[in-house]
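Side chains are part of it too, since the values below use all heavy atoms of this structure and drop only hydrogens, waters and symmetry mates. Start at 1 with the first residue, then count along the sequence. Whatever order the structure lists ligands and atoms in, that order sets their numbers, starting from 1.
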Amino acid sequence: MSHFKIKEASVVNEQAQPILTHEKSLSHKIAQGSEAGDILDQQMIMLGIQLVTQLNVLIKTSRIYDRTNAALDKPVDTMLTLIKTMAHDHPVTLRLQNDFLFLGESHLKVTAQQMAVVTSIIDALNVWKIGGVTFESTAESKDLREFAALFVTLDPENKSIDDFQKEITARGINGITLEEQRQLQIKEGAETGEHKGSRTADGEGPDGTGSADLRTQRKMNAKNGYAKVGGSIGALTQSVREGGTVSFKQAKRAIQNIVDLMMDDEATVLGLTTLRCHDQYTHNHSVNVSLLSIALANRAGYPKGELADLGLAALFHDMGKSTIPIDVLNKPGEFTDEDWVAMRNHPTEGVLTLSKLRGITNLPGRMAAASFEHHMNLDFSGYPKLSVPWTASLTGRILTIADCYDAMTSSRVYRREPMSPSKVLNMMFSKSGKAFDAVLLKLFVNCVGIIPIGSLVMLETSELAVVVKPALDKVNAERPFVKVITDPQGNPVDQGREIDLTEQDEAGSFRDSIVRLIDNTEYKFDTSRYFV
Ligand SMILES: [Fe+2]
Ligand SMILES: [Fe+2]
């Protein structure tokens, strides 16, 4: 038994007190504008390293002691404090990609002393082929203990990460979710040059590494841009809830960045909206609606200089929800009549909330419209109901389409089961001219495609592919750009080729065609990982 003692000693030595420099939500700081965002990033990374350290201690200790043993108290309590701080606004994810650890999207750079801990946790995650562990602030002591117990008792040799996740659910472990490993995006870009014979979809030279780099860079930029917008909306919502002051500067800058990226490469930016089924960030919906609105407005000829203002208005379309208690919003069960009244009031509450905020100079009109009109529908079949004649603004009509599309394709809003993008478009078309502006709806389809971005399709070759970009030419709208993700037998392929389905061979017939659409939500298949 003596070796247990030795182990115990080494475990205890690795314990470190967390550096908690703020008691409140850290992201609260962002709302003050300035460079607080950078401070936040740095602090989150520091806390991230603490979290890794404690997770390592917890796993190691669980290999020795039972889940109820007092030896687990310290790592568990420390982890809970860290999680409560870090996941205050949205869940926090530790990711492992190609042997690098990330906190969310930020690389956790470690010092030489921290190396041993990090290597140890990377090894432990690699054994399970775990690509990410997400913690939510609802996780409790028993959840961490039970999770760690499973981690060390299940046998990764004959259990998959899926089995592990199922066991987590079966045991009622709350607030902890696992993710599979995925390849680092840079690798994909770098390897594109090797597929010289393959047809690429970016149209910037088939095998120039320069274009691959550019594309990778763009994707990275888009992803960072998305995260920044998400961060701003999170912080601002939090600040409004706490009755604090709000600066829109940061959100504005983040949105302007998105608009610029969208002018370069609309498809990549819109591809980000498919992240909804993957990441659990609460504010994804607002960001997605903003992105989709900008794209639609751009196609509708909205003045370029005003796209960022529209995007900002769209970002805050659900601001009225900040008046609804969080426990109602997160209620697992059915809403009561009262809850519904509160929900139905959010467009009006949003106007009131926004009108009280400072820092929005010429925006309120557009912002008010975005909030007030987004559930109204073109034919006023929605809410709020008005007793006076009303003409919906262009902003409102754009928002209605973008909001509905994202809400229906995402599982998070109102906790419905998500629908596949093409089903949602069909449903929306059945209400064209009624709930939705017919012209705008057509333009919207031009953005996401008849077979929308993110759809899973089967090709003539029996390979499965994901739609990554609508067809350039409307005549061939049913021939988008796709990325192959499985071989004909359905086995996943890592660096699948991208195909422009409008490409023809020497004889003038199409090289590849879609034979059918596959419902990726039915198959619980997450296509978002092929975008970023
Ligand atoms: Fe809403
Ligand atoms: Fe919404």
Side-chain angles (χ1 to χ4, degrees), residues 90 226 229-230 232-234 236-237 240-241 251 255 258 270 272-277 279-297 310-326 328-331 335 339-355 366-386 390 392-393 395-419 421 424 427-428 431 435-437 440-441 444 448:
H90 48 69
Y226 187 97
V229 177
S232 316
I233 176 78
L236 288 169
T237 310
V240 167
R241 274 192 183 274
I255 289 277
I258 288 281
L270 289 183
L272 293 170
T273 62
T274 63
L275 282 170
R276 66 187 140 234
C277 31
D279 281 353
Q280 307 189 6
Y281 301 133
T282 336
H283 303 295
N284 271 10
H285 171 65
S286 300
V287 183
N288 290 349
V289 171
S290 178
L291 264 45
L292 293 165
S293 299
I294 295 170
L296 173 53
L310 172 89
L312 198 58
L315 192 60
F316 295 106
H317 76 282
D318 271 336
M319 206 52 162
K321 287 192 182 168
S322 66
T323 57
I324 303 172
I326 290 191
V328 173
L329 285 180
N330 293 339
K331 213 178 218 183
F335 279 176
D339 297 340
W340 276 116
V341 170
M343 281 306 270
R344 282 173 175 263
N345 273 339
H346 83 265
T348 318
E349 288 294 342
V351 178
L352 297 174
T353 309
L354 288 165
S355 64
R366 206 178 264 120
M367 278 197 156
S371 176
F372 192 58
E373 295 174 352
H374 77 274
H375 288 291
M376 214 175 244
N377 291 344
L378 190 73
D379 56 4
F380 304 105
S381 54
Y383 57 92
K385 296 283 181 209
L386 301 175
W390 192 265
S393 66
T395 303
R397 284 177 285 153
I398 287 173
L399 256 290
T400 306
I401 291 174
D403 181 55
C404 177
Y405 181 78
D406 189 71
M408 303 285 285
T409 47
S410 121
S411 54
R412 214 148 297 109
V413 179
Y414 306 130
R415 273 167 299 284
R416 284 197 200 103
E417 277 291 300
M419 280 164 78
V424 171
M427 185 286 293
M428 289 175 76
K431 296 183 187 171
F436 308 108
D437 184 301
L440 287 176
L441 189 57
F444 185 71
V448 293

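Among the atoms of His374, an N, O or S atom falls under 2.8 Å of the Fe ion (ligand 1). Residue contacts to the Fe ion (ligand 1): Asp403 brings no N, O or S atom closer than 2.8 Å. Distances from the Fe ion (ligand 2) show that Asp318 has an N/O/S atom below 2.8 Å.
Residues satisfying the salt bridge (Lys or Arg N to Asp or Glu O under 4.0 Å) criterion with Asp379, sequence neighbours excluded, are absent altogether.
Of the residues Leu291, Leu310, Ile398, the one that meets the side chain to side chain contact (heavy atoms under 4.5 Å, CB included) test with Leu296 is Ile398.
Between the Ser290 side chain and the Gly311 main chain, a donor and an acceptor come within less than 3.5 Å of each other.
Centred on the Fe ion (ligand 1), the angle running from His375 (NE2) to His346 (NE2) is recorded as 90°, rounding to 10°.
Within the 4.5 Å cutoff, side-chain heavy atoms of His285 are placed close to those of His317.
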